[in-house]
Amino acid sequence: MSAQDGSHRRVTPAEHDDGTAHILHVDMDAFFASVELLDHPELRDRPVIVAHDAPRSVVTTANYRARRFGVRSAMPVAMAKRMCPGAALLPPRHGLYRAASARVMHILAEFSPLVEQVSVDEAWIDVSGAHGLFGSSGAIAERIRERLRAELGLIASVGVAPVKFAAKLASGMCKPDGLLIVNRSELQGFLDALPVGALSGVGEHTRDRLSRYGVSTVRQVRELRYPRLVRMVGEAMARMLSERARGRQTDGVTPVRAERSIGREVTLPEDLSDSREILATLSALVEGPSRTLRAQKLLARTVTLKLRDADFQTISRSHALSVPTDTTQVLVEAARDLFIGCGWDRPTRLVGVRFTGLVSAEDAPARDVLWGEEDRWRAADVASDEITQRFGTESMVRATALRASRRRSR
DNA sequence: TCTGGGGTCCTAGGACCC
DNA sequence: TCTGGGGTCCTAGGACCC
């Protein structure tokens, strides 16, 4: 409460830093809403919700003024509106946020080459090598916050700790507009007091499981014997929990991580029952991620179809191709085959497609030795990519998708 | 109030190979 | 004649994060 109206700002003075914490976690406060406010200064003092104003839509971000009314991310917009009728509702503009994100990351990169971007609005920075130039970790954290505010008009909270996960915990705890430094000697005490659910990776399910054994704090996790923990939550989760509970983390700040999958999914405005329409939606859906594959010079090995029915039952079906591809037609056919093969006949709420098993197109065997039909489809892709690049993605629509949309509008 | 869309990672069973 | 065990890949489902 006090932190939310700014009267007790949670800022550790930089002098608290004793030189044992070198990882910063920078987390932008209410990022999308803050970026929108730069464009809408007249809304500065009002509750602002970033979300599509549609029946099945959920809240993407809300500013702190709206959060006071109980509005939260992922909450249905209908509910948010009822909780906070005076809020301004702004549709998300992801291009704008990506651009702002790039400016943020650009500033961070000036302090250290070791910047790991986690999402649009978050990054870890390892400043071990930066003290000579910029001073202590605490001092660097302060300078970063000042520059983001002065140059971009954006507020960030920063956590400083000896390991990544603790830095992230710290930034979360001093939000908004805060700075929290956790020195090595303070780390165990800091962790012990936390509920397990505070750890990233521990959600509702794991929390419930642990609570059935009477375990609810990080300290209790630390005091469990390892085999028992494994029985409770499984091997990988146990390993992670056991390490974190002791303040340990082996992986450091890794600047670039290769993408593992590319996909797209849509929740339809109304449930669809006609399988021809679902197929048409699916075909159109494949276009975007296929283009992304080609733009990033990647090939996909596996195609996964995702379907959700009116009762929220969700299934997935996947198929590994014999040869990785980036050809839209091949990917469309794989997706269609999966749909036809699974015998789905329920009213459909969501359709999705995802490509995994990504490999670099450069590493793949040269495909100009291939012959026949796929070559012609590839030529069509090249032409279509050129057109969409010049005139936008709306300019090209697969004929099957077009027929479906005509059918719907009749 | 009725549940988005972009992802990552893990589990578990079965096939297949050595 | 019956049977071990480990590794890897594929598939389906689910937990989790922002």
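A, B, ... follow the sequence lines: proteins, then strands. Residue 1 opens every chain. Worth saying up front: this structure is predicted, and the values here are computed from it rather than measured.
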Next item on the list: Quick one: label A:Ala51 by what it contacts on the DNA or RNA (base, sugar-phosphate, nothing), any heavy atom closer than 4.0 Å.
Entry: nothing

Next item on the list: Please list, chain by chain and in numerical order, all residues satisfying side chain to side chain contact (heavy atoms under 4.5 Å, CB included) with A:Gln389, sequence neighbours excluded.
Entry: none

Note to self: So if I apply the side-chain hydrogen bond (donor to acceptor under 3.5 Å, both in side chains) rule between A:Arg294 and each of A:Asp326, A:Thr328, A:Thr327, which one comes out positive?
What the structure shows: A:Thr328

Check: More 5' along DNA chain B: A:Pro55 or A:Glu259, using each one's nearest nucleotide?
Finding: A:Pro55

Checklist line | Under the side chain to side chain contact (heavy atoms under 4.5 Å, CB included) test, residues paired with A:Leu321 that sit two or more places apart | finding: A:Val303, A:His319, A:Thr325, A:Leu331, A:Ala334

Note to self: Expressed as a whole number of angstroms, how long is the span from A:Phe32:CZ to C:dC18:P?
What the structure shows: 13 Å

Next item on the list: Rounded off to whole Å, could you give me the CG-to-P distance for the A:Leu307 and C:dA12 pair?
Entry: 12 Å

Notebook entry, point to check: Near A:Glu270 CD, under 6.0 Å, is it more than 12 heavy atoms from other residues, nucleotides or ligands?
Noted result: no

Next item on the list: List for me each residue that meets ring pair (Phe, Tyr, Trp, His ring centres under 6.0 Å) alongside A:Phe32, sequence neighbours excluded, and say none if there are none.
Entry: A:His94, A:Tyr97

Next item on the list: Mind checking ring pair (Phe, Tyr, Trp, His ring centres under 6.0 Å) for A:Phe111 and listing every partner two or more places apart, or none if nothing turns up?
Entry: A:Phe134

Under 3.5 Å, which N/O atoms of the protein pair with N/O atoms of nucleotides 13-15 of chain B?
none

Note to self: Can you work out whether A:Met237 or A:Gly263 has the more 5'-proximal nearest nucleotide on DNA chain B?
What the structure shows: A:Gly263

Check: Under the side chain to side chain contact (heavy atoms under 4.5 Å, CB included) test, which residues partner A:Ser242, sequence neighbours left out?
Finding: A:Tyr226, A:Leu229, A:Arg246

Check: Can you check whether A:Asn63 reaches A:Glu36 side chain to side chain, under 4.5 Å on heavy atoms?
Finding: no

Checklist line | For A:Arg56, all residues meeting side chain to side chain contact (heavy atoms under 4.5 Å, CB included), sequence neighbours excluded | finding: A:Thr267, A:Asp271, A:Arg349

Checklist line | Test salt bridge (Lys or Arg N to Asp or Glu O under 4.0 Å) applied to A:Glu151 and A:Arg103, step by step | finding: CA-CA 9 Å; A:Glu151 293 171 32; A:Arg103 288 195 287 276; over 6 Å; no

Note to self: Treating primed atoms plus P, OP1 and OP2 as sugar-phosphate and everything else as base, which nucleotides of nucleotides 5-11 of chain C get B, S or - for protein heavy atoms under 4.0 Å?
What the structure shows: -----SS

Next item on the list: Please report, rounded to the nearest Å, how far the P atom of C:dC18 is from the CZ atom of A:Arg72.
Entry: 15 Å

Next item on the list: Could you provide the dot-bracket string of DNA chain B, using ( ) for intrastrand pairs, [ ] for crossing pairs and | for bases paired to another strand, with Watson-Crick or G-U pairs below 3.5 Å?
Entry: ....||||||||||||||

Next item on the list: Identify, residue by residue, the members of residues 194-211 of chain A with a heavy atom below 4.0 Å from DNA chain C, and return them in order of residue number, or none.
Entry: A:Leu199, A:Ser200, A:Gly201, A:Val202, A:Gly203, A:Glu204, A:His205, A:Thr206

Note to self: Using the ring pair (Phe, Tyr, Trp, His ring centres under 6.0 Å) criterion, which residues pair with A:His106? Sequence neighbours excluded.
What the structure shows: none

Note to self: Measure NZ/A:Lys81 against P/B:dT3 and give the value in whole Å, please.
What the structure shows: 13 Å

Next item on the list: With A:Arg336 as the cation and A:Phe339 as the aromatic partner, state whether NZ or CZ is under 6.0 Å from the six-membered ring centre and within 45° of the axis.
Entry: no

Counting only pairs under 3.5 Å, give me each side-chain donor-acceptor contact of residues 195-216 of chain A, with atom names and distances, residues two or more places apart or in other chains.
unit_1, atom_1, unit_2, atom_2, d
A:Arg209, NH1, A:Met232, O, 3.2
A:Ser211, OG, A:Asp208, O, 3.0
A:Ser216, OG, A:Gln220, OE1, 3.3

Notebook entry, point to check: Just to confirm, is there a sub-4.0 Å distance from OP1 or OP2 of C:dA12 to any side-chain nitrogen or oxygen of A:Lys306?
Noted result: no

Next item on the list: Nearest whole angstrom, please: distance from the C1' of B:dT3 to the CZ of A:Arg308.
Entry: 8 Å

Check: Rounded to whole angstrom units, what separation is found between the NE2 atom of A:His52 and the C1' atom of B:dT3?
Finding: 16 Å

